[in-house]
Amino acid sequence: MDNPQENHAIYDNSRFQHDEARPPPYSPSQGIYPSLPEQTPSYVAVNPQIINTHHTVTAGTPHIMPKTVYYQCLVGKPCRSGGKCLSSSQWCDGVRDCPHGEDEAYCFRLYGTNFILQMYSSSDETWRPVCAESWNINYGKAVCEQIGYKRQDYVSYSQISAGSLASKGYMKLKPGSNYGSSLQKQFTYSNTCSARAVKLQCIACGQSSAAPTTRIVGGTEAVNGAWPWQVSLQVMGNHICGGSIISPYWILSAAHCFETYSSPSLWLVYSGDVSLFQMRFNAGRKVDKIISHEEFSTTSNDNDIALLKLQTPLSFTSRVRPVCLPNIGVNVFPERRAWITGWGTLRSSGSSPDILNQAQVTIYSRQTCNSPWVLDGEVTQTMICAGELRGGVDSCQGDSGGPLVVKDGELWWLAGDTSWGFGCALRNKPGVYGNVTYFINWVYEQMQNN
């Protein structure tokens, strides 16, 4: 995680190799990352064509765009397959109209560090806070399950001021509602709310008992409990990649980690200690499924994200806890400080440590990342770049798939998964990470469907 090396391309764990056919530069005018879906919970309507991996996503829309033929809807919004167009009122109406069910998949979300529950209103394509009138624990569990969590992960609900989020009113439970299967049908628009908004915690996440609070240049050894979501992904007793716990059953990592070893039966997931040696005295968790993003590109490293579903759930302790997936409104914007962790090599092609290393980095804007003297147009909207332009701190081989986290409020949020880079810790060559905010709907979709 530290020493600068010679300026040539190095990629963690079989990451793609640069050649002359590099992707076209990304236009800085398209804004800074991460992009935040603020409006329509639907797939993007485009003209009939094959979409390449360097697509442009309309501001405010989720970001799952498979390489399939889409047909433009003159009215309403398209399903992601089958060329079916739905009217705006058919989204989040409690009736599954799209073949893959995406019209009902993203109707609830959590906002900001306070976990304010919002629901999508199809009548005017607006996200509104949910009023706490008549709310109870059963509704909370039902909504968390619909988002993608298991009922047993549920923590609590409470009431909280919605502030400016309520400027366009609330979504409120109808009289006589129940928490049955058609949850979306139970809500209606209301200009007022006699209670406050619902604060909903679907899982206890982002809590660290020993995370550092001071700035560090270069890597240092972590202590137990500092980064309890960090896991080691191993094949035949060898550490291959890192990953992040996001629920008892789910680990988030990088798709490129599983190009060579694609069979779930080959992998074991170790957690609960900063020492690789000590972790091996614990039983590694077997992997049931590996779900790599369907649009992962080995050429550009676009969409470098994967999920592992475990055969048996992790038991949470002070050393084994999930990191928070980034809610809309959480500050993961450029020029803020973040942390990277991993068991990767301490220099390019160097030795790997036994103890988990940690380092503080800066998240940079896409405009900075894609400058000709930095990464020269390589960073797409599915990526984040972070490090230090002066060099000296970075992720390296063996860190792949591991977390890039930020602290906002009192919790830690997963901003990225370690993806690729030029060498390790070189001047003007920050590391590149999968943009987890960009993929948040994809992550929840896999959790819902698996």
Side-chain angles (χ1 to χ4, degrees), residues 1-5 10 12-13 206-245 251-254 257 267-285 308 314-323 337-361 386-388 391-407 412 414 416-419 421 423-425 431 433:
M1 280 196 177
D2 42 16
N3 297 338
Q5 297 296 310
I10 295 291
D12 298 355
N13 310 314
Q207 299 170 353
S208 168
S209 60
T213 57
T214 57
R215 184 175 180 277
I216 293 177
V217 177
T220 62
E221 290 185 350
V223 298
N224 279 319
W227 315 106
W229 41 84
Q230 173 82 54
V231 299
S232 169
L233 307 181
Q234 301 188 12
V235 174
M236 294 180 288
N238 295 307
H239 169 83
I240 303 296
C241 277
S244 302
I245 300 168
I251 307 297
L252 190 149
S253 188
C257 289
W267 293 87
L268 287 176
V269 177
Y270 288 88
S271 61
D273 207 289
V274 295
S275 166
L276 290 175
F277 177 78
Q278 291 296 327
M279 270 198 298
R280 289 168 185 162
F281 291 101
N282 303 328
R285 288 295 199 278
L308 279 64
L314 294 165
S315 298
F316 291 162
T317 67
S318 62
R319 295 186 181 185
V320 181
R321 289 176 176 167
V323 65
R337 304 293 283 171
W339 288 84
I340 52 175
T341 51
W343 287 279
T345 59
L346 300 182
R347 58 177 58 87
S348 183
S349 302
S351 60
S352 298
D354 173 61
I355 302 297
L356 182 72
N357 264 237
Q358 61 192 15
Q360 197 174 35
V361 295
E388 295 300 333
V393 57
D394 197 5
S395 52
C396 208
Q397 293 101 341
D399 289 323
S400 282
L404 169 77
V405 296
V406 298
K407 191 172 187 181
W412 291 90
L414 184 62
D417 64 274
T418 305
S419 183
C424 301
Y433 302 79

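The line from CD of E221 to OG of S275 is 9.5 Å long, rounded to the nearest 0.5 Å. Separating the CG atom in L268 from the CE atom in M279 is a distance of 11.5 Å, to the nearest 0.5 Å. Within the model, atoms CD of Q360 and CD of E388 stand 8.0 Å from one another, a figure rounded to the nearest 0.5 Å. For the atom pair CD1 (I251) and SG (C241), the distance works out to 13.0 Å, reported to the nearest 0.5 Å. The structure places CG of N238 at 10.5 Å from CG of L276, a figure rounded to the nearest 0.5 Å. One distance of note links CD of Q230 with CG of D273; it measures 12.0 Å at 0.5 Å rounding.
Looking only at distances, no side-chain donor or acceptor of S244 sits under 3.5 Å from a matching main-chain atom of W229. For the pair S208 (side chain) and A226 (backbone), a donor-acceptor distance under 3.5 Å is present. Formation of a donor-acceptor pair under 3.5 Å by the N357 side chain with backbone atoms of I355 is found in this model.
By the 30° and 60° cut-offs, the orientation of the rings of W227 relative to W412 is perpendicular.
Closest of all the heavy-atom pairs between G225 and R319 is N-CG, 4.3 Å. Here the closest non-hydrogen pair linking S209 and S318 is OG-O, 4.1 Å. For R321 against I245, the heavy-atom pair with the smallest separation is O-CB, 3.9 Å. Closest heavy-atom contact between Y433 and A386: CE1-O, 3.7 Å. Pairing each heavy atom of G242 with each of L233, the nearest pair is O-CD1, 3.4 Å. Between A359 and V393, the closest heavy-atom pair is CB-CG2, 3.4 Å.
Contact check for V361 versus L404: side-chain heavy atoms found under the 4.5 Å cut-off. No side-chain heavy atom of P403 sits under 4.5 Å from any side-chain heavy atom of V323. For the pair D399/I340, no side-chain contact is recorded, criterion being any heavy-atom separation below 4.5 Å from C-beta on. The shortest distance between side-chain heavy atoms of P228 and V320 does not fall below 4.5 Å.
In summary, of the residues considered (Y270, W343, F277, W267), a ring-ring contact (aromatic ring centres under 6.0 Å, His included) with H239 occurs for W343 alone.
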